[in-house]
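What follows is one structure encoded as structure tokens, with my remarks underneath.
Lettering of chains follows the sequences in order, A, B, ..., and the numbering in each one begins at 1.
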Amino acid sequence: MLALVDCNACFASCESIFRPELRDQAVVIASNNDGCIVARSPKAKALDIPDLIPLFKIRNVLEQHQVHIFSSNYELYGDISSRIMSLLSRFCVDMEVYSIDEAFLDLSGFENLVRRGHDIKKAVWKQQRMPVCVGIAQTKTLAKLANHLAKKSNKLQGVCVLDDLAMWEPVFKKISVSKVWGVGSRLSKHLALLDVLTVQDLRTQPPKRIRKEFGVTLERTVRELNGERCFDLETQPPPKKEIFSSRSFGKKVTCVEELKQSVAAHAVRATEKLRKQKSLAKRVYVMIQTSRFHEHRYNNSASLVLPYPTNDTRIIIRFAQQVCEHLFKSGYLYAKAGVGLFDLSNVHYKQHDFFEPGQSDQAFKLMSLIDTANRRYGKGKMFLAAQGTQQKWAMARSFKSPSYTTRFSDLPIIKI
DNA sequence: TCTGGGGTCCTAGGACCC
DNA sequence: TCTGGGGTCCTAGGACCC
């Protein structure tokens with residue numbers, strides 16, 4: 001059996017660890033730039049403060065009820081999280097850290113599961129002062145559902161074991177299908193058209209029909225709801241396949257230089273994460289956006305194939321800024337920018353016609369040549385630099401494929 | 001005035017090749 | 001009136017998650 005252990009109001013609970021007097025008060029945590037509410041203590045939930053609501057919309061309510069407002073402190077939460085995870089690992093044979101506040105535990109071989117669940121809950125409270133709920137079932141999807149029930153029902157006291165599924169059918173008939181892991185708002189609406197409204201409705205659909213209508217992922221979900229394991233425990237999380245850094249600005253940005261500054265900062269952050277997991281990136285992606293709520297809108301993004309897989313901050317900044325310049329249009333109030341690193345590979349990735357990470361100086365010289373060519377032959381155009389050595393030719397080859405996405409097609413190729 | 005920041009997976013359709 | 005067709009790779013974008 002699998003257990004899902006999930007912290008209750010994680011960020012608000014983290015703040016309460018060091019200020020226990022907050023425990024029984026209304027506390028909310030705001031996102032970066034204090035934009036939205038991302039966590040609420042039970043008292044705050046009782047005041048009907050919605051999740052993810054922009055702070056400015058309910059400022060009055062917060063003041064009226066003297067709600068404590070915290071800016072989020074992700075370093076702190078990450079630290080507390082890793083201590084909790086290490087504690088949880090002592091309660092199982094295997095585990096998957098699923099998010100900052102959730103973990104799946106493999107409880108194979110344990111007998112009294114209700115008791116086990118309560119032991120876990122008690123230990124995390126006693127040692128880390130973090131309230132958690134525990135859902136236990138045969139599959140991840142069911143464990144998620146069990147956790148949801150544990151959170152909602154007072155009777156269960158924070159631990160729910162879904163073993164005999166037939167017995168739970170009356171409950172499944174009362175839970176909206178949107179509570180199922182993997183079913184979001186769009187899918188719920190689509191399912192409603194087929195009269196699939198509850199967990200029980202979805203459970204009893206023929207998997208083949210669901211696959212045809214909705215795809216393989218939802219088919220797996222249906223199977224999981226019937227106790228058939230389709231999603232494995234990932235005990236060693238695979239390295240990230242994409243790495244992002246993006247953020248809204250505190251203040252709107254209008255000039256390209258400021259935008260490029262922020263893109264550089266994101267490139268640095270993303271590259272740090274890249275190196276941490278010992279990967280190289282082959283593609284850099286940049287997006288810039290005006291506010292979604294502003295009338296005068298402009299969103300654009302593009303990606304660019306790097307000349308060779310790299311984790312070199314200078315190279316990534318340079319290319320990211322170049323893409324940024326292409327995307328930039330003056331006359332807009334930019335609200336957000338981001339940098340992504342795609343097509344990641346292991347550092348030990350060998351492909352003889354690419355540069356090795358240590359050779360970035362050579363590559364950098366070539367970049368300068370390309371720059372020179374850009375300046376000489378016209379701004380906004382990317383030229384191919386190709387000179388004698390094999391390595392440089394190798395770079396040339398990688399440019400020959402349409403490196404830019406469609407917005408950057410028709411690049412002239414010349415020899416310098 | 002002020003509206004999160006990450007990620008993953010899947011699919012459709014275009015490009016390209018033989 | 002005819003203008004292959006099938007496989008594969010790539011990309012954009014949708015949908016979901018926390």
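Neither side chain, A:Y77 nor A:D79, offers a donor N or O lying under 3.5 Å from an acceptor on the other. In this structure, a donor-acceptor pair under 3.5 Å is present between the side chains of A:S279 and A:Q277. Counted by atom type alone, A:N33 and A:S248 present zero donor-acceptor pairs between their side chains at under 3.5 Å. Donor-acceptor pairing under 3.5 Å is recorded for the side chains of A:Q205 and A:R209.
Close to B:dC2, at under 4.0 Å from its OP1 or OP2, lies a side-chain N or O of A:K252. Taking side-chain N and O atoms only, A:R186 has a distance below 4.0 Å to OP1 or OP2 of C:dA15.
Within the 4.0 angstrom heavy-atom criterion, only backbone atoms of the sugar-phosphate kind lie near A:D101; the bases stay farther away. Here A:K144 lies in heavy-atom contact (under 4.0 Å) with sugar-phosphate atoms only. Within the 4.0 angstrom heavy-atom criterion, only backbone atoms of the sugar-phosphate kind lie near A:R292; the bases stay farther away. A:S185 comes within contact range of the sugar-phosphate backbone alone, with a heavy-atom separation under 4.0 Å but no base atom that close. When heavy atoms are screened at a 4.0 angstrom cut-off, A:I53 is found touching no nucleic acid atom at all.
The separation of B:dT3 from C:dC18, taken at their P atoms, amounts to 25 Å, rounded to a whole angstrom.
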When Watson-Crick pairs (N1 to N3 and N6-O4 or O6-N4) and G-U wobble pairs (N1-O2 and O6-N3) count only below 3.5 Å on both distances, what is the dot-bracket string of DNA chain C, with | for other-strand pairs?
....||||||||||||||
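Across the protein-nucleic acid pair, A:E219 atom CD and C:dA15 atom C1' stand 18 Å apart, rounded to whole Å. Rounded to an integer number of Å, the gap from CD1 of A:I100 to P of B:dG4 is 19 Å. The distance between atom CZ of A:F11 and atom C1' of C:dC18, rounded to the nearest whole Å, is 9 Å. In this structure, A:L55 atom CG and B:dT1 atom P are separated by 16 Å, rounded to whole Å.
Atoms OG and NE2, on A:S185 and A:H190 in that order, are 13.5 Å from each other to the nearest 0.5 Å.
Contact record, A:R275 with A:N311: NH1-O, 2.7 Å, taken as the closest heavy-atom pair.
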Run the side-chain donor-acceptor check on residues 35-57 of chain A: report pairs under 3.5 Å with partners two or more places apart or on a different chain.
unit_1 : atom_1 : unit_2 : atom_2 : d
A:R40  : NH1    : A:I49  : O      : 2.7
A:S41  : OG     : A:Q25  : O      : 2.9
A:S41  : OG     : A:V27  : N      : 2.9
A:S41  : OG     : A:A44  : N      : 3.4
A:K43  : NZ     : A:D24  : O      : 3.0

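In this structure, A:K252 fails the cation-pi test against A:Y334, since its NZ or CZ atom is not both closer than 6.0 Å to the six-membered ring centre and inside 45 degrees of the ring normal. Under the 6.0 Å distance and 45° angle rule, A:R283 does not count as a cation-pi partner of A:F342.
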Could you run through nucleotides 5-11 of chain B and give me one letter per nucleotide, 5' to 3': B if any protein heavy atom sits under 4.0 Å from the base, S if only the sugar-phosphate is that close, - if neither?
SSSBSSS
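In this structure, A:Y98 forms no aromatic stack with the base of C:dC18, since the conditions of centre separation below 5.5 Å and plane angle below 30° are not both met.
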